[in-house]
Amino acid sequence: MDFKSFLSFVESRRSIRKYTDQKLGREKIEQLIEAASWAPSNHNRQGWKFIVFEDQQEIFSLAQRTREFVEKSITHTHKLVADKAEELIYYSGAFDQSPTLILVMHKKSPAVSKNIIDMATSKLASGEVVSTAMACQNLLLAAKAMGLGACIMTAPLLAGKVWKSLDNLPMGFEPTCLITLGYPDETPQAPRRKKLEHIIEYR
Ligand SMILES: Cc1cc2nc3c(=O)[nH]c(=O)nc-3n(C[C@H](O)[C@H](O)[C@H](O)COP(=O)(O)O)c2cc1C
(Lines give C-alpha, C1' and ligand atoms only; values in the text may rest on other atoms or scores of the structure.)
Protein backbone atom coordinates (compact mmCIF):
# COMPACT_ATOMS: atom_id res chain seq x y z
CA MET A 1 0.00 0.00 0.00
CA ASP A 2 1.40 3.46 -0.86
CA PHE A 3 1.23 6.38 1.54
CA LYS A 4 -1.58 8.14 -0.35
CA SER A 5 -3.88 5.12 -0.08
CA PHE A 6 -2.85 4.60 3.54
CA LEU A 7 -3.60 8.23 4.45
CA SER A 8 -6.93 8.23 2.68
CA PHE A 9 -7.89 5.00 4.51
CA VAL A 10 -6.87 6.42 7.90
CA GLU A 11 -8.72 9.68 7.13
CA SER A 12 -11.88 7.82 6.18
CA ARG A 13 -12.27 6.10 9.59
CA ARG A 14 -15.05 7.75 11.61
CA SER A 15 -16.44 7.20 15.07
CA ILE A 16 -19.78 5.51 14.40
CA ARG A 17 -22.48 5.82 17.04
CA LYS A 18 -25.55 4.53 15.16
CA TYR A 19 -25.81 0.89 14.10
CA THR A 20 -28.24 -1.42 12.39
CA ASP A 21 -29.57 -4.35 14.47
CA GLN A 22 -27.39 -6.86 12.59
CA LYS A 23 -25.12 -8.84 14.90
CA LEU A 24 -21.43 -9.20 14.17
CA GLY A 25 -20.72 -12.87 14.73
CA ARG A 26 -17.73 -14.42 16.48
CA GLU A 27 -15.58 -14.75 13.34
CA LYS A 28 -15.56 -11.00 12.73
CA ILE A 29 -15.06 -10.23 16.43
CA GLU A 30 -12.03 -12.51 16.50
CA GLN A 31 -10.59 -11.01 13.30
CA LEU A 32 -10.85 -7.58 14.90
CA ILE A 33 -9.15 -8.71 18.09
CA GLU A 34 -6.46 -10.48 16.09
CA ALA A 35 -5.70 -7.14 14.39
CA ALA A 36 -5.63 -5.49 17.83
CA SER A 37 -3.16 -8.08 19.09
CA TRP A 38 -0.59 -7.05 16.44
CA ALA A 39 -0.17 -3.63 18.04
CA PRO A 40 3.19 -2.84 19.59
CA SER A 41 3.33 -3.19 23.37
CA ASN A 42 5.79 -2.38 26.12
CA HIS A 43 8.31 -5.27 26.32
CA ASN A 44 5.85 -7.13 24.10
CA ARG A 45 3.83 -7.76 27.28
CA GLN A 46 0.51 -7.56 25.45
CA GLY A 47 -1.09 -6.51 28.72
CA TRP A 48 -4.58 -6.21 27.33
CA LYS A 49 -7.89 -8.07 27.55
CA PHE A 50 -11.06 -7.73 25.51
CA ILE A 51 -14.31 -8.58 27.28
CA VAL A 52 -17.00 -8.97 24.63
CA PHE A 53 -20.69 -8.36 25.34
CA GLU A 54 -23.02 -9.68 22.65
CA ASP A 55 -26.35 -9.74 24.46
CA GLN A 56 -28.42 -6.64 23.63
CA GLN A 57 -30.35 -6.85 26.89
CA GLU A 58 -27.15 -6.97 28.92
CA ILE A 59 -25.64 -4.05 26.98
CA PHE A 60 -28.81 -2.03 27.56
CA SER A 61 -28.82 -2.82 31.26
CA LEU A 62 -25.12 -1.86 31.59
CA ALA A 63 -25.92 1.49 29.97
CA GLN A 64 -28.83 2.04 32.35
CA ARG A 65 -26.70 1.23 35.39
CA THR A 66 -23.94 3.49 34.09
CA ARG A 67 -26.30 6.45 33.62
CA GLU A 68 -27.89 5.90 37.04
CA PHE A 69 -24.48 5.76 38.70
CA VAL A 70 -23.26 8.94 36.98
CA GLU A 71 -26.51 10.74 37.78
CA LYS A 72 -26.27 9.77 41.45
CA SER A 73 -22.60 10.80 41.69
CA ILE A 74 -23.33 14.17 40.13
CA THR A 75 -26.22 14.82 42.51
CA HIS A 76 -23.95 13.98 45.41
CA THR A 77 -21.14 16.30 44.43
CA HIS A 78 -23.32 19.27 43.36
CA LYS A 79 -20.33 20.56 41.44
CA LEU A 80 -21.76 20.57 37.94
CA VAL A 81 -24.23 22.92 36.36
CA ALA A 82 -27.41 21.22 35.19
CA ASP A 83 -26.80 21.26 31.42
CA LYS A 84 -23.30 19.78 31.73
CA ALA A 85 -24.65 17.10 34.07
CA GLU A 86 -27.31 16.12 31.54
CA GLU A 87 -24.68 15.79 28.83
CA LEU A 88 -22.44 13.64 31.04
CA ILE A 89 -25.31 11.36 31.99
CA TYR A 90 -26.32 10.99 28.35
CA TYR A 91 -22.80 10.26 27.05
CA SER A 92 -21.96 7.84 29.84
CA GLY A 93 -24.68 5.50 28.56
CA ALA A 94 -24.47 6.31 24.86
CA PHE A 95 -23.41 2.74 24.02
CA ASP A 96 -26.88 1.36 24.81
CA GLN A 97 -27.87 0.71 21.17
CA SER A 98 -24.66 -0.94 19.99
CA PRO A 99 -25.08 -4.59 18.96
CA THR A 100 -21.62 -5.53 20.27
CA LEU A 101 -19.68 -3.94 23.09
CA ILE A 102 -16.09 -4.54 24.13
CA LEU A 103 -14.76 -3.60 27.54
CA VAL A 104 -11.04 -3.13 26.91
CA MET A 105 -8.79 -3.64 29.93
CA HIS A 106 -5.09 -3.09 30.61
CA LYS A 107 -2.85 -4.84 33.08
CA LYS A 108 -2.27 -2.85 36.24
CA SER A 109 1.28 -1.53 36.52
CA PRO A 110 3.41 -3.99 38.47
CA ALA A 111 4.33 -3.29 42.09
CA VAL A 112 7.94 -2.52 41.02
CA SER A 113 6.65 0.98 40.35
CA LYS A 114 7.40 1.59 44.03
CA ASN A 115 11.00 1.67 42.89
CA ILE A 116 12.14 5.29 42.69
CA ILE A 117 12.96 5.29 38.96
CA ASP A 118 9.69 3.65 38.07
CA MET A 119 7.78 6.07 40.25
CA ALA A 120 9.15 8.94 38.21
CA THR A 121 8.37 7.33 34.87
CA SER A 122 4.99 5.85 35.76
CA LYS A 123 3.74 9.38 36.26
CA LEU A 124 4.58 10.15 32.64
CA ALA A 125 2.70 7.23 31.16
CA SER A 126 1.78 3.67 31.90
CA GLY A 127 3.21 1.39 29.20
CA GLU A 128 0.18 -0.85 29.57
CA VAL A 129 -2.29 1.96 28.95
CA VAL A 130 -0.38 3.25 25.92
CA SER A 131 -0.03 -0.26 24.46
CA THR A 132 -3.72 -1.00 24.99
CA ALA A 133 -4.67 2.28 23.31
CA MET A 134 -2.57 1.24 20.30
CA ALA A 135 -4.38 -2.11 20.18
CA CYS A 136 -7.66 -0.18 20.19
CA GLN A 137 -6.59 1.92 17.21
CA ASN A 138 -5.68 -1.27 15.29
CA LEU A 139 -9.15 -2.60 16.11
CA LEU A 140 -10.89 0.59 14.95
CA LEU A 141 -8.97 0.55 11.65
CA ALA A 142 -9.66 -3.16 11.17
CA ALA A 143 -13.37 -2.46 11.70
CA LYS A 144 -13.22 0.19 8.98
CA ALA A 145 -11.43 -2.22 6.62
CA MET A 146 -14.20 -4.78 7.22
CA GLY A 147 -17.01 -2.29 6.50
CA LEU A 148 -17.99 -2.16 10.17
CA GLY A 149 -18.55 0.82 12.42
CA ALA A 150 -16.89 1.38 15.77
CA CYS A 151 -16.46 4.02 18.45
CA ILE A 152 -14.03 4.14 21.32
CA MET A 153 -15.59 5.60 24.49
CA THR A 154 -14.27 6.61 27.88
CA ALA A 155 -17.26 8.60 29.20
CA PRO A 156 -18.93 5.36 30.43
CA LEU A 157 -15.94 4.80 32.72
CA LEU A 158 -17.18 7.73 34.82
CA ALA A 159 -19.18 4.94 36.39
CA GLY A 160 -16.00 3.04 37.27
CA LYS A 161 -17.75 0.97 39.94
CA VAL A 162 -20.26 -0.46 37.48
CA TRP A 163 -17.45 -1.88 35.36
CA LYS A 164 -15.15 -2.98 38.15
CA SER A 165 -17.96 -4.86 39.88
CA LEU A 166 -18.71 -7.10 36.89
CA ASP A 167 -18.39 -10.82 37.60
CA ASN A 168 -15.36 -12.82 36.52
CA LEU A 169 -13.17 -9.99 35.29
CA PRO A 170 -9.53 -10.98 34.76
CA MET A 171 -7.44 -10.47 37.91
CA GLY A 172 -4.99 -7.59 37.86
CA PHE A 173 -6.62 -5.72 34.98
CA GLU A 174 -8.37 -2.34 34.93
CA PRO A 175 -10.85 -0.82 32.47
CA THR A 176 -9.19 1.27 29.74
CA CYS A 177 -12.17 2.13 27.54
CA LEU A 178 -15.17 0.69 25.76
CA ILE A 179 -15.49 0.01 22.05
CA THR A 180 -18.92 -0.14 20.44
CA LEU A 181 -19.18 -2.19 17.25
CA GLY A 182 -21.73 -2.98 14.59
CA TYR A 183 -22.83 -2.33 11.03
CA PRO A 184 -22.93 1.45 10.50
CA ASP A 185 -26.27 3.23 10.20
CA GLU A 186 -24.82 6.71 9.66
CA THR A 187 -22.08 8.38 7.63
CA PRO A 188 -20.82 11.26 9.75
CA GLN A 189 -18.79 14.15 8.38
CA ALA A 190 -15.15 14.12 9.35
CA PRO A 191 -14.54 16.39 12.36
CA ARG A 192 -11.83 18.89 11.44
CA ARG A 193 -8.23 18.23 12.38
CA LYS A 194 -5.81 20.84 13.71
CA LYS A 195 -3.35 22.21 11.19
CA LEU A 196 0.12 20.68 11.32
CA GLU A 197 1.68 23.99 12.31
CA HIS A 198 -0.42 23.91 15.47
CA ILE A 199 0.71 20.45 16.53
CA ILE A 200 4.35 20.23 15.42
CA GLU A 201 7.25 21.84 17.20
CA TYR A 202 10.71 21.25 15.77
CA ARG A 203 13.56 21.47 18.24
C1 LIG B 1 -9.80 8.26 24.40
C2 LIG B 1 -11.06 8.57 23.63
C3 LIG B 1 -12.26 8.63 24.32
C4 LIG B 1 -13.46 8.87 23.63
N5 LIG B 1 -14.64 8.84 24.33
C6 LIG B 1 -15.79 8.99 23.67
C7 LIG B 1 -17.03 8.88 24.38
O8 LIG B 1 -17.07 8.65 25.58
N9 LIG B 1 -18.18 9.01 23.67
C10 LIG B 1 -18.17 9.23 22.31
O11 LIG B 1 -19.24 9.33 21.72
N12 LIG B 1 -17.01 9.36 21.61
C13 LIG B 1 -15.82 9.22 22.26
N14 LIG B 1 -14.63 9.30 21.57
C15 LIG B 1 -14.64 9.51 20.11
C16 LIG B 1 -14.25 10.95 19.76
O17 LIG B 1 -15.32 11.81 20.06
C18 LIG B 1 -13.87 11.02 18.27
O19 LIG B 1 -12.75 10.19 18.04
C20 LIG B 1 -13.54 12.44 17.81
O21 LIG B 1 -14.66 13.27 17.91
C22 LIG B 1 -13.04 12.47 16.36
O23 LIG B 1 -13.97 11.88 15.50
P24 LIG B 1 -13.57 10.66 14.54
O25 LIG B 1 -13.17 9.51 15.44
O26 LIG B 1 -14.78 10.35 13.73
O27 LIG B 1 -12.42 11.11 13.70
C28 LIG B 1 -13.43 9.08 22.24
C29 LIG B 1 -12.20 9.04 21.56
C30 LIG B 1 -11.05 8.76 22.24
C31 LIG B 1 -9.75 8.67 21.47
Side-chain angles (χ1 to χ4, degrees), residues 5-20 32-33 35-36 39-42 47-53 59-71 73-74 80 83-107 124-164 166 173-196 198-199:
S5 328
F6 170 76
L7 187 63
S8 99
F9 173 69
V10 172
E11 278 178 3
S12 69
R13 181 211 53 82
R14 289 282 67 74
S15 289
I16 300 296
R17 301 175 179 87
K18 278 197 189 137
Y19 304 99
T20 68
L32 290 168
I33 296 178
S41 66
N42 52 328
W48 45 55
K49 293 270 186 195
F50 301 88
I51 319 295
V52 182
F53 296 90
I59 293 171
F60 196 77
S61 141
L62 277 166
Q64 241 175 351
R65 280 158 57 201
T66 300
R67 282 194 175 122
E68 279 164 19
F69 183 94
V70 171
E71 187 168 12
S73 319
I74 288 170
L80 289 155
D83 55 340
K84 185 77 181 163
E86 230 167 74
E87 198 181 305
L88 278 178
I89 294 163
Y90 172 77
Y91 279 111
S92 65
F95 59 89
D96 56 356
Q97 300 300 324
S98 66
T100 304
L101 180 72
I102 304 183
L103 168 63
V104 184
M105 305 187 82
H106 61 269
K107 207 165 171 36
L124 290 176
S126 147
E128 270 73 19
V129 175
V130 175
S131 307
T132 304
M134 302 190 93
C136 289
Q137 174 70 344
N138 271 17
L139 196 155
L140 298 182
L141 290 172
K144 173 71 195 172
M146 288 162 67
L148 299 169
C151 183
I152 181 171
M153 295 187 174
T154 51
L157 299 186
L158 286 170
K161 270 196 183 159
V162 169
W163 302 99
K164 286 182 184 174
L166 289 173
F173 283 79
E174 290 191 330
T176 320
C177 61
L178 296 177
I179 295 181
T180 62
L181 279 168
Y183 287 87
D185 199 19
E186 62 169 350
T187 45
Q189 291 284 310
R192 282 178 42 197
R193 278 355 192 211
K194 292 181 180 174
K195 290 203 161 74
L196 288 190
H198 294 139
I199 58 171

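We count ligands from 1, going down the list as the structure has it; atoms in each ligand are counted the same way.
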*Could you tell me which atoms of ligand 1, counted from 1 in the order shown, lie closer than 4.0 angstrom to a heavy atom of C151?*
12 (N)

*First locate atom CE of M146, then atom CG of L32, and finally report the distance between them rounded to the nearest 0.5 Å.*
4.5 Å

*Ignoring angles and geometry beyond distance, decide whether A155 reaches within less than 3.5 Å of ligand 1 through its nitrogen or oxygen atoms.*
yes

*Would you tell me which option among R17, Q137, R192 has the nearest heavy-atom contact to atom 12 (N) of ligand 1?*
R17

_Quick check on contacts: which atoms of ligand 1 are under 4.0 angstrom from a heavy atom of R14?_
24 (P), 26 (O), 27 (O)

*Beyond-backbone contact of F95 with T66, side-chain heavy atoms, under 4.5 angstrom*: yes

*Near P191, which atoms of ligand 1 are under 4.0 Å from a heavy atom of that residue?*
22 (C), 23 (O), 26 (O)

*Would you say W48's side chain and C136's backbone share a donor-acceptor pair under 3.5 angstrom?*
no

*ligand 1 and I152, any nitrogen or oxygen pair closer than 3.5 angstrom?*
yes

_Show, in sequence, the C-alpha distance, side-chain angles and deciding distance for Q64 and D96, and conclude whether the side-chain hydrogen bond (donor to acceptor under 3.5 Å, both in side chains) test is met._
CA-CA 8 Å; Q64 241 175 351; D96 56 356; over 6 Å; no

_Please classify the S15 to ligand 1 contact at 4.0 Å (heavy-atom distances, strictly less than): side chain, backbone, both or neither._
both

*Considering only protein heavy atoms, which is closest to atom 9 (N) of ligand 1, and at what distance to one decimal place?*
M153 CG, 3.6 Å

*How close do T20 and D185 get, heavy atom to heavy atom, and via which atoms?*
N-CB, 3.7 Å

*Examine Y91 against ligand 1 and note whether any of their N/O atoms are separated by less than 3.5 Å.*
no

*Could you tell me whether the side chain of E186 and the main chain of K18 form a donor-acceptor pair under 3.5 Å?*
yes

_Out of all atoms in ligand 1, which are within 4.0 Å of some heavy atom of R193? Include the element for each._
22 (C), 27 (O)

_Nearest atoms (heavy-atom pairs only) where F69 meets L158_ = CE2-O, 3.9 Å

*atom 3 (C) of ligand 1 protein-contacted, heavy-atom criterion under 4.0 angstrom*: yes

*Enter the distance from N42:CG to K107:NZ here, rounded to the nearest 0.5 Å.*
11.0 Å

*asked:* Which residue and atom name correspond to the protein heavy atom nearest atom 1 (C) of ligand 1, and how close is it?
replied: T154 CG2, 4.0 Å

